[in-house]
Every structure is written in C-alpha cells, then in structure tokens.
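In what follows, a single structure is set out as structure tokens and then discussed.
Chain identifiers are assigned alphabetically (A, B, ...) following the order of the sequence lines, protein sequences preceding nucleic acid strands; residue numbering begins at 1 within each chain. Scope of the values below: all heavy atoms of this structure, side chains included, with no hydrogens, waters or symmetry mates.
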Amino acid sequence: MKYSAAKIFLEGLFGNRGWGKAWREPEPKKNYDVIIIGGGGHGLSTAYYLSNVYNIRNVAVLEKGWLGSGNIGRNTTIIRSNYLLPENEPFYEFSLKLWEGLEQDTNYNSMVSQRGVINIFHSDPQRDAFVRRGNAMLLSGADADLLDENALRKLCPYLDFENARFPVKGALMQKRGGTVRHDAVAWGYARGADMKGVDIIQNCNVEGFIIKNGVCSGVRTSKGDIRAKKVASCVAGSSSQVMSTAGIRLPIESHVLQAFVSEGLKPILDNVITFGAGHFYVSQSDKGGLVFGGDLDGYNSYAQRGNLPVVEDVCEGGMAIMPMIGRARLLRMWGGVMDMSMDGSPFIDRTHIDGLYFNGGWCYGGFKATPASGYCYAHLLATDSPHPVARGYKLDRFRTGSLIDEKGVGAQPNLH
Amino acid sequence: MIIPHPHLGPRDACEFVYKGDAELVFRPERVAPVDYDTFHNYLYLRQNPAGAHKELWYHEYGDRSWLVVTRNTQTHEILKVEFASEYLSGQKDRKSNV
Amino acid sequence: MFRLENRGLINREKRLNFSFNGKKLHGYEGDTLASALLANGNHLVGRSFKYHRPRGIFSSGSEEPSALIQLGLGANTEPNIRATTIQLFNDLVANSQNHFGPLEWDFMRVNDFLSPFLSAGFYYKTFMWPKSFWEKIYEPIIRKAAGLGKLSGEPDPSTYDKGFLHCDLLIIGAGPSGLLSALMAARGGAKVIIADEDFLLGGSLNGDHTQINNDTGVNWVKKTIEELISFKNVRLMPKTTIYGAFDHGIFGALEIKTNFDRIKSDKPRQVLWRIYAKQSVLCSGSSERSLLFGNNDRPAIMLSRSVRQYCNRWGIIPGKKISIYTNNDDGWITAKDLKEAGCNVVMVIDERPDIIAPIKNVDYRLGKKVVETKGSLRISSIRLDDGTKVETDCLAVSGGFNPNVHLTCHERGRPQWQEKNQCFIPGKTPKGMEVVGAASGVFDLNSIFEETTLKMKKILSYLGYKHRKVIKLTADHKPYNVSAFSKSLAKGKVWIDLQNDVTIKDIKIAVQEGFHSVELLKRYTTLGMATDQGKTSNVLGLSVLSILKNKPIEEVGTTIYRPPFTPVPIGAFAGRSRGKHFKPFRLTPSHQWAEQRNAVFVETGNWLRAQWFPLAGERTWRESVDREVLQTRESVGICDVTTLGKIDIKGRDAGAFLNFVYANNFGKLAVGKVRYGLMLRDDGIAFDDGTTARFSEDHFVMTTTTANAVTVFRHLEFCRQCLKPAWDVHLLSTTDHWAQFAIAGPNSRALLSEILDPKIDISNESFPFMACGKVSIFNGIEARLFRISFSGELAYELALPRRYASSFMEHIFEIGKKFNLVPYGTEALGVMRIEKGHAAGNELNGQTTANNLGLGKMVSKLNDCIGNTMSEREKIDGEAVLKLVGFAPTNKMQSLVAGSHFISKGKPAKLANDEGWMSSVAFSPMLNKSIGLGFIKAGDQRFGEKVDSVNPLNKEVIEVEITSPHFFDPKGDRLRG
Amino acid sequence: MDKKISPTTPLSGLHSVIGNVTLNEVNPEIFCISIPKEMNKKVASEFKRILKFDIPIIGQSSLNKNSTIRLIRNSLDQFFILFEKASEVAGVMNSLEKYFYITEQSDAWVGIEISGKSSYSCLERICPLDLSTESFGVNTAVRTLMEHLNVLIIKTTEESFLLLSASSSAKSFLNAVETSAENIA
C-alpha cells in the first residue's frame, strides 16, 4: 500500500478502516539466502538495501523482542557527517546522503530535518582541531562552516556568552546535519523490506549458530533451527553475547548511554547544539521536547538504565551553555546499551567463520549511520567485498594497527 | 552506585574512575621473540559478559587504590570488592601463565 | 462563590491574590492553584496538544494531565506547571497554554474537526511531496503547533542547590501507610526520612472523612506528625518528590523550597537531594483512573476522589449539579461526602448491576453506563446507555485505582496484574524496597494498617532496631470492590490520553497496522508519553488493547515507567554548577600578581593562565606577545609553569619504574640530571611527555603536561598497583605544593645568581644543560632548580614552596629591572616552542606515534615498557609515515592557519590527495613571518618541497615550504650556553 | 633591597561567620609519609616509638597528647602528618625520615575549619558522606569529592571539621563552602 496525502484524505473520510498492516508477521521458513540477526535500525536497513538495491529477497530478519526495540527506539536522533578521519568521513557522508533521500526512497515520512548541527569551541586548540575537521569534511565532499563568535551569537543568542566558565569562541557547523524521527526509520525500512518479500520475524531469539568445519550454515532460535547461506549479526549492544556463541571474542564492551527528554515546549531551539567544554548536546523535537544527552555512564552495563552522576553532569553542561533551559523540566530519562569499540569506530566485516558476518561497534553513533551501515552491510553480504566507503571497518585492524580513533583516547571504550 | 570499599566502607561511585575489564592487570611481558598476538588479545579483546564482571575501579577521590570489583552488568549488583594487589596475589598462577 | 463555609484545611484568615489569564482572583493559604481556580468557578484552564480541545482540571494531584499552565512572567516564567500541585502564593500569575487567540475561542480548535485526517501515525504517511516542502512548509507548521508552554529564552534567574542525605529508612509518601511506617521506625530508633510531594502531609486522609480509632483521620495525621517532629532521628520532608530510584538504594529527591516570594528570594528555589537509604518503603498510594465513554474529556469531568478532595480538603463545590459515574465503591464515598457537604448530587451511575447502593438519599442507576456527554467549554449533560439524559455541570468519574508503582519500575521491575482489584501491582522491586498501602494494591485502611505493621516489623528487625508496640489502628473503612474492565469498546470519540489526544480510534488503527506490541503502540500513538507519563492513561490504553487483541490484560503487557516520577527542572539537576561556577577554577601562584599587571587570562583545563601581559599603548595582542618573545630572547623573561603536573616518585624501584612507564631509557639517569621522557599508551600511541629529574638514588621528580596531569598520575598508579605490585614505588602529586617558574633568556643565569644564596654555583660547568639540584634562594628558602628549556634559550625552571610565590614575583621583578625582565604568558611560550619545533598538545593529540613526532628512535626496542610492543605493529604509522615538520609560507606576508590540510602542488584539493595537516601556527617575531608545525607524509624527506596548505573552510590556499621544525637556533647553541 | 621573601596563605587568613557557621583558614604543616615495602610490618611499632602514640586505621586519624600533631592514614602505605606548630616539625620529621619516604605537602593544601551548629547542614549540601556520629566519629579522616574537588575531611570535634583541598582551587572551594552556608542561613 502506497502512502499518500490522497490516501489519508480518503481514509479519514471513511473512518480509517482501510489501513492495512505495515508489514506481515510471517512464521520463519526453513531456509533463507541471508539471515539478519537483529531487527533494529541497522538490521532492518540491511534487509531493506539487500532487497531493494542488491535484489536479494529471500531474507529473514530475526528480532528477539519487537521490531525497532533496540537503540533505534531510544536515541537522541541526531544525524551528521562531521567526522575527521578518512576512514570515517566518506562513510558518514554517504549515510547523510541516504538520509536526504530516505522518505522518497521508503515512502515513509521519517521527518529528516536538516536543522544544522553546531559544535561549539571554547579555546584556540579546540578551534584548531575543528578547523582540521571542517576541512576534512569539505575535502570529502561534505559541507562545513566555521562560525566566529559574532556569527554564532546571531544564530544562537541564548548561549551563555557573557558569564561562561569556558568562553564561547565560535563553532563548527554542518548545516546538512539535523534530526530524524527515530522510530519511523525502523518502520519505514521494515515496511520497505517487507514489501520486497523480506520476512521480519519478531519474538524470535537467536540462541546459537550452526557451525561445522568453520562454516556457518544457520542459526538455532527459539522458533527452531533456520538455515541460511549467510548469517549476518547486527545486534549492537548484544554483539558480544551473540558472537560468543560462535566462540568469537570481540574488541567491544557494552556500555550504558543515557538520554533525556523534556516536557513539550514551544519552539525555542532551532539547531542541534553540542557543548565543547562539557558533556551536553541537545535538539528540540518536532513535538516540542528538548532531546538531550551527554557522556556514557562509563561502566560496562546491559541494564538499560543509568545513574544520577551522569544525569547531573549532563544538566550541568546544559545550564552552563544555555541557562535558559533551567525551567524546562526533564520528563523522561532512559538508557541504551552501546557496543563500544576499542577505537570508537565500527566494524562491517566477515568473520573468520565462513558464512558468518559481523556488523557492530557503533558506539553511541549508530543512529546516524543507520542507512550507510545497512547499505554497506548489504553490499558486503551480496558481493563478499567491502563497500568502498566502509573499507576501514575491519575486525583485525587492532592487530595490524590501522586504528580509526577519532577522539584519540586509545583502547578504552568508555572514553570514546 | 555505591562501591563498598574494603577499608573505607560504602562510597558513592562518583568518587571512582572506571577502567574496565580486570583482565588488564594480566599484562603480558615483552620477551623475545615478541608475541604481538598475545599483546593484541590482552589489550583489545574483551569478554564483556552479561552477568558477573570483574572490573577495575580507581578510587581517585579517596585512597587512590585500584580495586577489582565484581559486579553484575545486568543488575549492577556488586558481588565482591578487592584491592587489585590482593586480587593479583590470589591469581599468582594466572599471572605467570600469560 | 463556590466555597463551602467551615469545611477544608485552608486558612481563611490568610487571603492570597492571584491572576489567571489576566483576571484577578483570590484564594487562601492552603489552596493549590487548581483549588483556587475551582473556588472561583473556573474549570476551563487549557487546550489539548493535538486537537486543541478545551481542557479542565481533571485531578487533584501530580497525575494531572490537563490543567497545565504557564506560571509567572518574564525570565521567571515556567511552562507546563500542573495547577493541581502548585501551592498558591500571593501575586501568583498564571496563564493558559497552547492556544492561538483567547482560551475560550482557540483558532487551532479547527484541528478537532480535522481529527479524522490526523489519526495515529498520519504524519508518517504524508508531507513527503514535493521533497523540499517538508522542511520549508510542513515541518515549521507542525513545530509551531506542537509543544505546550513556553520558555522565556532568558537565563533562569533562580538559584538551585543540591545535597546528600543518609538514612536507615526512606519512606516515600506520607499518607496513612507512610505515617504509620514512620511512626514505627521512629519509635524503634531508626534514622528515618519521610518525604511527600504535597505541602500538607497526610495523603488521602486530608481529603477524606475517615475515622481512625474514634478520631478523625485529619486529627490522627496531626497527632502523628507532632510525634514524629519530636524525634531527633526523623526528618520530615514535605514538598519533596522522590523522583527516582537508582542503584544500591540511592534515591533522587526534589524539594521545593520556596513558593511564597519566589521571585524575591536569593535562596535556592529547589534543592535536589541524593538520598542514600539502607531500606525504603514505598507508600505512594494510588491514582484514580477514568472510564471510557464518548467525549469523556470535557472540562468539569473529573476524577471522583479528586472531586471529594476538593470538597473536603479545600471546601469547594465543584459544580451545581454534580453526577457521579463509577464502577467501584469509592465513587459512592464521594457521593456521600458531597451530600453531607450540601452539594447537589443529581445522580450516581454505577456500572455494577448487582450491588446494594451504599447510600439511599440520592438518585442512582445501577448496571448503567454513561455513553456520551455534551457541553462546549464545560460539560452540560450526559447520556446513559438507556437513553436517559442528565443535565450536569460536573461529572465525577471513578474507574478504579492504579497503585503508584512507578518507583518499583526504575530498576526495570515489571508490574504484575492483580485480578481482584483490576490493577497492576509492583513486581520485582529495587533491592531494599518494600511496598505498603495502596501502592501495593491494598485499598481499605484497616488492611493497610495491618499490612504496614507486619512489614515494618520485618524491616526494623532487618535493620537491627527494636519494634515498639504501636496501638492497633482501626478505621471506619469498608473493603473495596471494583468491576472488571469492560469487554467491549466504548463508542464515539473516547479519550484515553487527555493531554496527547490519544483516542480509542488511534489504538484501533495502530493495532490494525501491526503496531500491537505495547511499546510499538506507545511509539506510534504517543500514548502515555505526555507529561504525566501515562499515569492516567496507560492502564486504560492496555484495557483497550486487551479487547482489540482478545487477550487478557496481563498478557498484553505493560510499559516500564522511567524516572523521573514527575518532571524535574533541568536547573535543579544542574544545581549551582552553572555560569562561572560550572567547574572550579585553579589559579597559579602568580595569579594575583598577574592580575595586578592586567594580564589576559586563558582557560587551560580548569586552570586560568596568563596569556599575555599587555602594556599601555599596545593595540593588539600580537604586539604584546611579540614584545614578550623578543624581550625574553634578548634578555630574560619569566613564566609561571606551575600548571605542569609534578609527581614525586620515590622508592627503591623508582628507576626501574620510570624505565617501564617511559618509552625511552631512564635506567642510567644520573643523580642531579634531568631527561626528556616520552610516555606511550600501551597501544603504542604517544600519551604524554615531560621531563624527569633525579634528586637521589630513590627520588625522582616527574613533570607532565598540564592537560594530562591527572590521567598520567592515574595511569602511573595503575602501573604501580596492578602491573608492578611487588616494586617499591611511591607516588605523590606535588603540583600544588611547588610554584614553578621558567626563567629564560641569555640573562637568566645572571638574574638567578642575584637571588640564589651565595654558595650555589650555577655556572655552565657546574650546572650544565639538563642539570638539576636542590638550592636555596632569598636567604634560606628551599627551592629546586632545573636547567631545562622549552623556549630554546638558556633557561631554568625554579620551583619554590607555593606560599612564597607572590612575594617572590614582587622581588624578582624588582631585582630584574636591570635585566629588563619581562613576564611572558602562554602565547609567547607557544610562539617560542613553535620556533624551536617542540611538540605540544596540538601534536600529542592521542592519534600520533613516536614516529610521527620524529621521536621513533627514542622508543626502547629491548626493554619491556608501556607501549613499545604495540607501537611496532606494521600499519600503526599509516601507509607513508606522517612526520612532524615545519612549514613556512613562500609569501612572507601570508598567515598560516592551524587545521589546514596539505595537498601536493597541482593536485585537486580532495580527500584522496590529503597528505596531512597543520597542527600549530604562530607568528615568529624572530623570523618575522608566520610559521607552522604540522604532519605530512614522509615530511622528513621533503625539506624544501613546496606544497599547498589548503583551508577550504575559508576558501584559501597558501603555498608553503616544508622545512625542519627547528626554525630558530637549530643547533641549540643558546640553550647550552 | 631586602632579600627576604614572605609567605602568604591561599585565603589570606579567612575568618567569617555566616549564620550558624564559622569558617577559619588554618595552615598546618603537612607531610606525606610513604611506607617502604620492607617497613610494612614494622610501621606500627616504628611510629609508636617515634611519635609516642598509636597509628590509626585507614580512614582515621590519631593525635599526640597535646593534640598538636595529627597522623592520618590515607591508605595501606601512605600517611599524612599534620603539625599545628611549625616548631614541632623538625624533631619528628628528622626521625621519621630515616625509615620512611617523606614528601612535604604543606603548600599543596588549603585548610578551612568549619564549626558551629549548622556545620552539618552546611556540609550536607556538598559532601556525599554520612557525617553522623554513628558512621563518622571524631577523628575520622577521609578523602571525598565535593563540588568537583578532592577534599580531605577530618572531624575534629562533634561540631567542627577540618577540610583540606588543593591550594590552587582554594577560592572555588571556599565559594562552595560559603554558598552552602549562605543557602542554609
């Protein structure tokens, strides 16, 4: 069923009775070409691009809970491609381009809103680093603007320019960055993949792999064994758990990242703002809530909830940079499980087991990567060679030393 | 969270700095010929269990001790706290095996 | 007037003026804004989120979904304040929210007529054509329409504070079960905190006409509180919401400190407490829920218990013709109390056919349902399923009670279904938490008292306190009975979430489209995502879902409540850490001295350092910096370098330890000598650098960079305690003890000689480059002297006890006059280090290796030291090794820009041709041109080559020549002189 | 020119009374004593011999007879010793130096003594520790985190505490304490 304004009008007139299921709810078949483990953003986008671009349609997505129940369902919805390193920037720029055409692609309004992402700097060294980054973005074909203090004042007069502990000296802005309605991304991809015949199977827990002589030929699930030529893990925070059943240890730790939303407010914040001298980033959703976050809690966790010190730290950062939000009230806080890698960059790679593929290590940056991650993973699954923009995302890079460490903090996941 | 320090009693986790997997105390020694794989595995690969996890916490705003804390990563329940040095001396065989 | 005489817990002596939408009104002390509005006959207070339907006061507590107002004016204005929880104060100003035009005539109510087209998820299906219209046309309209209240856009003028409390027992809620728990714990000797969000402790007892042990409930509350106050071990915290339960018995609490004169007070408006409790008792009571019928959202349709509370606690007649619609016994209590108060109760409708009406002096219908209502800005009539039409201006609805289980979910416990009372009760609770009273699904007072007594005995003995006998409490309460949820869907426009405008139809569509998992439903319809977090809507929504899925409600599941229980201001979470107090300041020992000389300061980490010292007549910062550099290089300058981390390393194995933590060899450093040290991380990347001096066999003094002082110390402690536990090594930070000054320039030795105590010889022979020693200055002040140089000049660093630093600066500048001594700041320091090609923070950015920095040869190949092994990985330095080299513009007039990238001549500026980047730049007054340091592929083999330094951010390209990084005095004659 | 430089203190001898809280700057002479590995077993006896009083357990402090010297045990192998009178330093330290590693710390710290009825309510706003008598008796001495700062807090009497924090951030620390005192006044 194609969604359109006319369809909405007609349905409205006749009591909205004609809306069909957004996707089927099939039972698993015995055999697939590709099984994707994980019905989150990346898993669903992989299925979407496999079926829509690479024409591989005998695909199942296995989700242990409900569709989109992972981090795609709880994040701060920011998209951007303001990366520094040559292994990252082209990938995220590819992702941003896919975002820009997503709605027309999937016939689903995921409300991609290019409101502009502003990273504030507070010192000369920070400015130097941002200049380097902005230039790397431009050299890669992305957009970037350097704002001096005056330009930033015009754009964001509410920032604390007068009484700041760390002076606001300017910002690096990516105008094409912005926000997206996160759940809609999962739904749009799910619907698009389903229409091409992909089976999305919810409440199906993968308990292990069928591996013989170094070849993976399927998975053991709560709904029985399912065979496939290729099995693709795409489970973010659960990566270590799932892959350990194949005997694989990963350069990944699972950490909790909290996010916060305020009560609904009339529009006051047009852009995405990132505070450079504290841990705080914020945007205002179309519904009016201030959606914000900060640092990881900093310890390994699968608990999907965080603790107070980080909540306070994030709000301190918020009040330091924009003291006008003091009277906005925090409505909800939640925690997601982040698959933090050892250099802060992800993996899209084959494993040493034939037929078993791995996508993970997205850290807290997985949301903005959703389209490109799926596209590149689909490319790898379809062609058995890495997509050109994802060549760096190898599992063995720590052994060889090809690190992709944007933040420069080394093998300590909670600092990335 | 509250970490029950072996000597100082219950302390808010905000007094501590987290490092991660307690396996990091078992650093391999460089001997010729250099075994890069062992170093790689030591530095980069993690068990990352969903359950009891031995991990390193540094009491930065306290007695400056490095502690090995056994904590459940699903419930955050703390099961055991030892000084890193104590933990190491309880694992002497382990150390020489690396 | 709508106020009853002689009824209610308000102070009629104290009249309070307030305004609503500009209308001047009054209430009394003890009122909430909601009760005061109702007392003035005002039901309509706002508009709903999506359809802009008129909204009235629905409840009397923090579950309120509808009566959200904009409180206060100007910078003090606060959005989305629940009128039901705000304690009335004099001169309160309230305005309604979310309407265009007057509240009574909101132009946006057109949405209501368009509602068939605005059903659940409609926006996902449209607004996509043409592509550009989303951001230009549709989204701005949606954004403008969305949201409820407004922020002022000005800095929050209030102050907030935080604090920490500790107790044996935290009691959450001061209703009957909470007060009894507190009393038992207090008498037993436990350290107790009892907190309640209301300004009046007592919970439901304040709004009920209950008898407890032959006294009124209100009197029992009063006596109990009096007794509690008399205990030293009890802290009563009214106006305090426990907003969250966190790991290991930590609770978040928000205490409202000021309501009166809130604008004038300079004291914190709210205090955010972190409460550490060994045990907790959740006594949060229950919230009433509504019933589902057509147009069940009109103003003056209220929760039944709230209507009763307004009548009993605030002495208010909420309507002239009140009807009551219930499915349980509690609705009848409302009827009884209203009658007693003299209100006109026109009808009681009870869904249950087979009960005996508890009161007879009222018109009632059993086994009937309300199916439709009428009224535009306030309900005017209802229609029953038998067609009966009843004129009514206030409908009190009771659909049963939901225990307030929220805090039990904060550690992801899932509530369980209790069939008997048709509600969710706590499942697994956070460790150490017990739930009593209505919150645990027990609804009659006698059972509550019994249950509380039993559970408290257990808790007290667990905590190690005695249980002292408490008189048995008996109340005139009857067991509670409620009918099961309807098995058929109500017809018409039936609201579930009053604030977000989620109706039964929306749930139908969501299920029809496959969004039938509870979480998907919530996300697709926004059910339960309003500011009440679904307190009034979740269970109703589940009951509808259960009908649609034809599954019992317990199988449909429930969503998890997340903190906070009620919304908490971001300002309160930040406390006092804002503005200049966001992070503490660290000041150098010469700070005051520098301040007096008009120094310009710069933030480096938490430190404030003098950046330069402008003199009268200097117009630009460059003038000052150039002068400081020239004067230093010409004669002598002094710079406060205290901020560098200083670590005392002592012990028998200190030398071996340094050899392990530094990548270069430290084994053979002689006593009285200093060496440059490069520290790697274990992954082989450069971590930090500095110098380490050896004062004796077992005593070294290490310096670190300012930025890494804390992390290096932590890392060293890790190496000491976890990697080399058998070694005798001791670490201590002495950064703050020693004031340290760099004294640089050709005359530095001469200047030093003037202050050193006479017998100390610092001639080049006895105190050569890289020497160190203990000295004394100014007649016996112990100091440490290092002959090291960051500037490339003949230079020393002198460390003296911090206490003498101010006086030292005064004196040395007096003495230094004859040498034309100049103070220099971090800018001049930076210029001189770039002139000398020294790497600093911009180069040691956590991504560069020793090889990149040109220090590859230093890294030990033999020893085991941190980082050397992994630094040998084949690809760690990249394909062609980036090398730190110097850059100078071929056109001397051009200024280099840090952050530019390098592209070989003739190649287009794009990623594939990117060869490196400029890390630091400065204007060199010695060379009279702009110079830079940067990393470029194979740079050390390309001296003399010209490349483009591109800065597309500024659309500029500068041709630069690759040079040695040592721009000035490359052989180092000056520093050895 | 008189070749003599003079000392200053981080808070220039602060004395202030805010509501029921009194704040005074104090400047004890402070030394850090680290225990060489081989001395671990003899620490108690050596200290006792030199100082003539018992060493405390970790997190506690003990005093000499005249209460002019306070020994604080920071951790297993580290002590702080505080002298009220500079005149007593040399004698004690010369003896200790023979057996232990000594590092002077006096100028690394700023000392604020807080006393008065409201000391507890004042500290409640910044100190995460339970300072009640049951869990924090007189002479307890531990480090903790207050307003982003590392603070060594010592309970000197039932109604007074000595707070030691880094001298470079003395003003911010004072501000933290004063703000608390004002907020509760």
Side-chain angles (χ1 to χ4, degrees), chain C residues 159 161-166 191 266-268 271 273-274 276 576-577 581 583-589 592 606-607 642-643 648 650-653 698-699 726-728 730-739 754-755 777-779 781-782 800-808 810-811 814-815, chain D residues 1-10 12 27 30 32-39 77-78 100-110 121 123-132 134-136 146-150 165-173 175-176 179-180 182-185:
Chain C
T159 59
D161 208 353
K162 289 192 216 171
F164 306 86
L165 299 174
H166 302 259
K191 203 170 148 189
D266 63 340
K267 301 279 184 243
V271 178
W273 297 101
R274 199 183 290 182
Y276 302 82
R576 14 164 138 157
S577 293
H581 299 300
K583 289 280 149 74
F585 285 100
R586 296 182 77 180
L587 304 180
T588 64
Q592 204 184 344
N606 284 344
W607 289 98
T642 304
T643 62
D648 245 44
K650 286 181 171 159
R652 261 191 341 269
D653 300 308
D698 58 6
H699 180 204
W727 289 4
D728 184 43
H730 304 272
L731 305 170
L732 189 68
S733 165
T734 58
T735 307
D736 279 31
H737 179 76
W738 296 101
E754 301 256 343
I755 60 163
I777 56 171
F778 288 109
N779 284 322
I781 307 296
E782 283 182 21
L800 60 151
R802 189 261 309 138
R803 68 181 78 175
Y804 297 110
S806 272
S807 175
F808 168 82
E810 298 288 350
H811 280 70
E814 194 56 40
I815 297 164
Chain D
M1 159 128 201
D2 176 21
K3 275 184 94 180
K4 202 152 182 216
I5 54 177
S6 49
T8 56
T9 68
S12 318
N27 295 284
I30 306 171
C32 174
I33 306 163
S34 301
I35 315 302
K37 288 261 172 210
E38 71 274 12
M39 288 295 292
D77 62 354
Q78 193 190 72
F100 306 104
Y101 301 117
I102 306 293
T103 308
E104 197 184 346
Q105 282 277 285
S106 311
D107 290 11
W109 301 89
V110 59
S121 339
L123 287 170
E124 208 166 71
R125 297 290 175 98
I126 49 175
C127 177
L129 303 176
D130 181 1
L131 301 177
S132 64
E134 307 87 74
S135 44
F136 204 94
M146 299 186 197
E147 296 294 302
H148 310 282
L149 294 167
N150 203 325
S165 191
S167 56
S168 60
S169 43
K171 296 215 165 111
S172 288
F173 183 53
N175 177 269
T179 304
S180 297
E182 277 155 14
N183 282 351
I184 59 159

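For C:L587, the parts lying under 4.5 angstrom from a heavy atom of chain D are both the backbone and the side chain. In this structure, the portion of D:L129 lying under 4.5 Å from any heavy atom of chain C is its backbone and not its side chain. D:S180 touches chain C through backbone and side chain together, each having a heavy atom under 4.5 Å away. For D:S121, no part lies near chain C; criterion is any non-hydrogen pair under 4.5 Å. Neither the backbone nor the side chain of C:W738 has a heavy atom closer than 4.5 Å to any heavy atom of chain D. For a residue to count as touching a neighbouring chain, one of its non-hydrogen atoms must lie under 4.5 Å from one of that chain's; by this rule C:H699 does not touch chain D. Contacts of C:E754 with chain D are made by backbone atoms alone, with heavy-atom separations under 4.5 Å and no side-chain atom involved. At a 4.5 Å heavy-atom cutoff, the contact between D:A176 and chain C is made by backbone and side-chain atoms alike. Only the backbone of C:L731 comes within less than 4.5 Å of a heavy atom in chain D; its side chain stays farther off. With a 4.5 Å cut-off on non-hydrogen atoms, D:T9 touches chain C through its backbone but not through its side chain. Only the backbone of C:S733 comes within contact range of chain D, with at least one heavy atom under 4.5 Å from a heavy atom of that chain. Heavy atoms closer than 4.5 Å to chain D are found in the side chain of C:L165, but not in its backbone. C:A726 touches chain D through its backbone: at least one of N, CA, C or O sits under 4.5 Å from a heavy atom, while the side chain does not. For C:D728, the parts lying near chain D are the backbone and the side chain together; criterion is any non-hydrogen pair under 4.5 Å.
Salt-bridge formation is detected for the pair C:R576/C:D161: a Lys NZ or Arg NE/NH1/NH2 atom is positioned less than 4.0 Å from an Asp or Glu carboxylate oxygen. At a threshold of 4.0 Å, the pair C:R652-C:D698 does not count as salt-bridged, since none of the basic side-chain nitrogens sits closer than that to a carboxylate oxygen.
Ranked by heavy-atom pairs under 4.5 Å with chain C, the first of D:E147, D:Q78, D:E134, D:K171 is D:E147. The candidate with the highest count of non-hydrogen atom pairs below 4.5 Å against chain D, out of C:G163, C:P584, C:S577, is C:P584. If you tally non-hydrogen atom pairs under 4.5 Å between each of D:I30, D:L131, D:I102 and chain C, the highest count goes to D:I102. Per-residue counts of heavy-atom pairs under 4.5 Å with chain C were compared for D:E124, D:E104, D:E38; the largest is that of D:E124. Between chain D and the residues C:D736, C:I777, C:L800, the most heavy-atom pairs under 4.5 angstrom are made by C:D736.
The shortest heavy-atom contact between D:N150 and D:S165 is O-OG, 3.0 Å. Scanning all heavy atoms of the two residues, the minimum distance from D:S132 to D:D130 falls at OG-OD1, 2.9 Å. When every heavy atom of C:R586 is checked against every heavy atom of D:S169, the shortest pair comes out as CG-CB, 4.2 Å.
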Under the side-chain contact (heavy atoms from CB on, under 4.5 Å) rule, what do C:F164 and C:W273 come out as? Steps first, then yes or no, please. CA-CA 5 Å; C:F164 306 86; C:W273 297 101; 5.9 Å; no
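Below 30°, between 30° and 60°, or above 60°: for C:F778 and C:H811 the angle between ring planes is above 60°, a perpendicular geometry.
Here the straight-line distance linking atom CD of D:Q105 with atom SG of D:C32 works out to 6.0 Å at 0.5 Å rounding. From C:L732, atom CG reaches atom CG of C:D648 across 6.5 Å, with rounding to the nearest 0.5 Å.
C:E782 pairs by the salt bridge (charged side-chain N to carboxylate O under 4.0 Å, His left out) definition with nothing, not counting sequence neighbours.
Using a distance-only test at 3.5 Å, with no hydrogens or angles considered, no donor-acceptor pair links the side chain of C:H737 to the main chain of D:S167. Side-chain atoms of C:H730 do not come within 3.5 Å of backbone N or O of D:Y101 as any donor-acceptor pair.
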